[in-house]
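This report concerns only the one structure given below.
Note that the structure is a prediction, hence the values are computed from the model and not measured. All chains are named by letter (A, B, ...) in the order of the sequence lines, taking the proteins before the strands, and each is independently numbered beginning at 1.
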Protein chains: 2
Amino acid sequence: MTRGTATAEARANGAQAARQAAILVAARTVFSEMGYEQASIIEIAGRAGVAEGTIYKYFRNKRDLLYQVVKDFYTGIIEGLEDEVHLLESAADRLRFIVWRHLKVFMKDARICLLFIREIRTDDDYARSVFRDLNRRYTACLVETVERGIATGELRADADPHLVRAMVYGSVEHVAWNAIVGGRRLDIDAAARMLADTLLAGLKPPENETASLGATVDRLETLVARLDKAL
Amino acid sequence: MTRGTATAEARANGAQAARQAAILVAARTVFSEMGYEQASIIEIAGRAGVAEGTIYKYFRNKRDLLYQVVKDFYTGIIEGLEDEVHLLESAADRLRFIVWRHLKVFMKDARICLLFIREIRTDDDYARSVFRDLNRRYTACLVETVERGIATGELRADADPHLVRAMVYGSVEHVAWNAIVGGRRLDIDAAARMLADTLLAGLKPPENETASLGATVDRLETLVARLDKAL
DNA sequence: TCACAAAAATGAATAGCATTCATTTTCGAA
DNA sequence: TTCGAAAATGAATGCTATTCATTTTTGTGA
C-alpha cells in the first residue's frame with residue numbers, strides 16, 4: 001500500500017518534474033529570443049505544450065518563471081567555475097582565467113546575461129534576492145584570489161579586493177557589451193589577455209628593485225670615488 | 001496680418017512648449033520614482049495636469065516619452081563635461097576627473113542612470129538610436145585623453161583607448177552600483193582616486209629607468225673591478 | 001464685442017496581456 | 001470498472017497603453 005503509493009507518487013512527481021522542465025526550457029528560449037516584456041505567457045505555454053493556466057500551477061507568476069530560468073543558468077555557471085579555478089596556482093593565472101571565462105560566458109550566452117542585467121540586477125529588491133547570494137558566490141572566487149595574491153606579495157598590499165572585483169566584472173561586461181552592440185566579432189582570448197594584463201599591471205606591487213638598484217649604485221659610486229682618490 | 005499670425009503662433013508655441021515641458025518634468029519624476037514598467041501614463045498625465053490623450057499629442061508613445069526624458073538628462077551631463085574637462089592638462093588629471101565626475105553623476109542621479117542602463121542601453125536597437133551617438137560623444141572625451149596620453153608618452157604606447165574606455169566606465173558603474181545596492185554611503189572622492197590610480201598604474205609606460213640603472217651598475221662594476229685590480 | 005474655423009485637449013472605447021478560478025480531464029487505488 | 005483526488009484547462013477579469021470621435025479653446029476678422 002505504502003509501496004504502491006510511493007511508486008505512484010514517484011511517477012507522478014516524475015511527470016510533474018518533466019512538465020516543469022519543459023516549461024523552463026520553453027521559457028528560457030522565449031525570454032532569450034524576445035526579452036522579458038515582449039515574451040508572453042501564451043507563447044511560452046504553447047511552446048511547452050501546456051495551457052496558460054498550467055504555468056501558474058508551477059510558477060507564482062511571469063517574473064518567478066524568469067527568476068527560475070536565470071537562477072538555473074547562473075547556478076550552472078558557478079558550479080563550472082568552482083570546478084575549474086582551483087586548478088590554478090598563482091593569483092595572476094587565476095585572475096586571467098576568471099576574466100577569460102566571464103567574457104566567454106557573457107559572449108556565448110549574451111541574451112540570458114542581458115536578462116540578468118536588465119531584469120534582475122537592476123530590480124529594486126535585488127539586494128534581498130537569491131541572486132545577491134549567487135553573485136556573492138560567483139565573485140567570491142575573484143575576491144579570494146586577490147586576497148591570497150596580497151598575502152603572498154604577488155599583488156600590492158593596498159589593493160582593495162572589492163574595488164578589484166568591480167573593475168574586473170565591470171570591465172569585462174563593458175567590453176562584451178560593446179562587441180555585442182557593435183555587432184563585431186570579438187577575439188575573446190586576446191581581449192581577455194589585454195584586460196587581465198592591464199589590470200595586473202595596476203595591481204603589481206611597487207618595484208623596490210629600483211630602490212635597491214639605486215642603493216647599489218650609490219654604494220658603488222662611493223667605492224669608485226674612494227678607489228679613484230687612492231690611485 | 002502675417003505679423004499677427006506670427007505672434008499668435010509664437011504664443012501658441014510658447015504654451016505648447018510649456019505643456020511639453022510640464023509633461024517631461026512629470027515623466028522624469030514618475031519614471032525615476034517607479035521605474036518604466038510601473039509608471040503609468042495616467043499617473044504622469046495627472047501630475048502634469050493634462051489628460052491621458054494629451055500625452056500622445058506630444059509624444060509618440062510611452063517609450064518615446066522615456067527617451068526624451070533620458071535624452072534631455074544625458075545631453076545636460078555631456079555639455080557640463082565638455083565645459084569642464086578641457087581645463088585640465090595632463091592625461092592623468094583628465095582621467096582622474098572623468099572617473100570622479102562619472103561616479104558623482106551616477107551616485108547623484110542613480111535612478112535615471114538606471115533607466116538608461118535598464119531600458120535603453122540594453123534595448124535591441126540601441127545601436128541605431130540617438131543614444132549611441134550621445135554615448136559616443138560622452139566617452140569621446142576619455143578616448144581622446146587616452147590617445148593624447150599615448151602620443152605624449154604619458155601612457156604606455158600599447159594601451160587600447162577602447163579597452164580603457166570599457167574599463168573606466170565599466171568599473172565606475174560597478175562601484176556605484178555596488179554602493180547603491182548595498183545601501184552603503186560611498187566616499188566618492190576616495191573611490192574615484194583609488195580607481196583612477198589603479199587604472200593609471202596599469203597604463204603607465206614600462207619604466208626603463210630600471211634598464212638604464214642596470215646599465216650604470218654594469219659600467220660601475222667593471223670600473224671598480226678594474227680599479228680594484230690596479231691597486 | 002462677437003462669430004467662426006482651426007487647433008488642441010479630452011476621456012470613453014479598444015485591444016492586448018497577466019492572472020484567476022470554475023469546470024473538465026486525467027490518474028491511480030480498490 | 002468506478003470513484004475521488006489531483007492536475008490541467010481556457011474563458012472571464014482587471015489593468016493599462018493607445019486610439020479617436022467629440023468637446024473645448026484659441027485667435028482672427030468684421
Side-chain angles (χ1 to χ4, degrees), chain A residues 1-28 30-31 33-69 115 119 123, chain B residues 1-28 30-31 33-69 115 119 123:
Chain A
M1 201 194 295
T2 311
R3 198 170 132 82
T5 305
T7 51
E9 267 173 24
R11 196 163 28 231
N13 288 346
Q16 278 188 247
R19 242 184 159 79
Q20 174 152 351
I23 294 170
L24 282 168
V25 167
R28 177 166 167 172
V30 176
F31 283 141
E33 277 173 11
M34 339 219 279
Y36 180 74
E37 273 254 43
Q38 291 301 310
S40 79
I41 292 291
I42 287 204
E43 175 84 20
I44 293 168
R47 293 220 208 174
V50 300
E52 306 153 74
T54 306
I55 303 262
Y56 291 89
K57 301 290 177 189
Y58 290 90
F59 302 94
R60 251 196 315 286
N61 50 36
K62 190 180 170 186
R63 195 150 277 272
D64 181 45
L65 179 52
L66 173 78
Y67 283 4
Q68 289 302 326
V69 167
L115 285 170
E119 304 296 337
D123 197 282
Chain B
M1 200 194 292
T2 311
R3 200 171 131 80
T5 305
T7 52
E9 266 171 25
R11 195 164 27 233
N13 289 345
Q16 279 187 246
R19 242 183 159 80
Q20 173 153 351
I23 294 170
L24 282 169
V25 167
R28 176 166 168 172
V30 176
F31 283 141
E33 278 173 11
M34 340 218 282
Y36 180 73
E37 272 256 42
Q38 290 301 309
S40 80
I41 292 290
I42 288 205
E43 175 84 19
I44 293 168
R47 294 221 208 174
V50 300
E52 305 153 73
T54 306
I55 304 261
Y56 291 89
K57 301 289 177 190
Y58 291 90
F59 302 94
R60 251 195 315 287
N61 51 36
K62 190 179 170 187
R63 195 152 277 272
D64 181 46
L65 179 53
L66 173 77
Y67 283 5
Q68 289 302 326
V69 167
L115 285 171
E119 305 295 338
D123 197 280

Looking for any heavy atom pair under 4.0 Å, which part of the strands does [X] touch: base, sugar-phosphate only, or nothing?
{"X": "B:K57", "value": "base"}
{"X": "B:F59", "value": "nothing"}
{"X": "B:A39", "value": "sugar-phosphate"}

Looking at the side chain of [X], which of [options] is the nearest nucleotide?
{"X": "A:I41", "options": "D:dT9, C:dA18, C:dA9", "value": "C:dA18"}
{"X": "B:Y56", "options": "C:dT20, D:dA7, D:dT18", "value": "D:dT18"}
{"X": "B:E52", "options": "D:dA8, C:dT10, D:dT18", "value": "D:dT18"}
{"X": "A:Y58", "options": "D:dT9, D:dA7, C:dT19", "value": "D:dA7"}
{"X": "B:K62", "options": "D:dA7, C:dT19, D:dT18", "value": "D:dT18"}
{"X": "A:S40", "options": "C:dA8, C:dC17, D:dT9", "value": "C:dC17"}

Mind checking the [atom1]-[atom2] spacing from [X] to [Y]? Nearest 0.5 Å is all I need.
{"X": "A:I41", "Y": "A:I23", "atom1": "CD1", "atom2": "CD1", "result": "9.5 Å"}
{"X": "B:Y58", "Y": "B:L24", "atom1": "OH", "atom2": "CG", "result": "11.0 Å"}
{"X": "B:T54", "Y": "B:I44", "atom1": "OG1", "atom2": "CD1", "result": "13.0 Å"}
{"X": "A:Q68", "Y": "A:Q20", "atom1": "CD", "atom2": "CD", "result": "7.0 Å"}

Would you kindly give the [atom1]-to-[atom2] distance between [X] and [N], to the nearest whole Å?
{"X": "B:E37", "N": "C:dC17", "atom1": "CD", "atom2": "P", "result": "13 Å"}
{"X": "B:Q16", "N": "D:dG27", "atom1": "CD", "atom2": "C1'", "result": "14 Å"}
{"X": "A:I23", "N": "C:dA18", "atom1": "CD1", "atom2": "C1'", "result": "15 Å"}
{"X": "B:I55", "N": "D:dT16", "atom1": "CD1", "atom2": "P", "result": "15 Å"}
{"X": "B:N61", "N": "D:dC20", "atom1": "CG", "atom2": "P", "result": "14 Å"}
{"X": "B:M34", "N": "D:dT16", "atom1": "CE", "atom2": "P", "result": "9 Å"}
{"X": "B:Y36", "N": "D:dT16", "atom1": "OH", "atom2": "P", "result": "14 Å"}
{"X": "B:Q20", "N": "C:dA8", "atom1": "CD", "atom2": "P", "result": "12 Å"}

Quick check on DNA chain C: between B:G53 and A:Q38, whose nearest nucleotide comes earlier from the 5' end? B:G53

If the cut-off is 4.0 Å, is A:R63 near the phosphate of C:dA18, judged by side-chain N/O to OP1 or OP2?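 The answer is no; no side-chain N or O of A:R63 sits under 4.0 Å from OP1 or OP2.
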
Answer yes or no: does a side-chain N or O of A:R60 lie under 4.0 Å from OP1 or OP2 of C:dT19? no

Looking at A:Q38, I want to see if its CD is surrounded by more than 12 non-hydrogen atoms of other residues, nucleotides or ligands under 6.0 Å. no

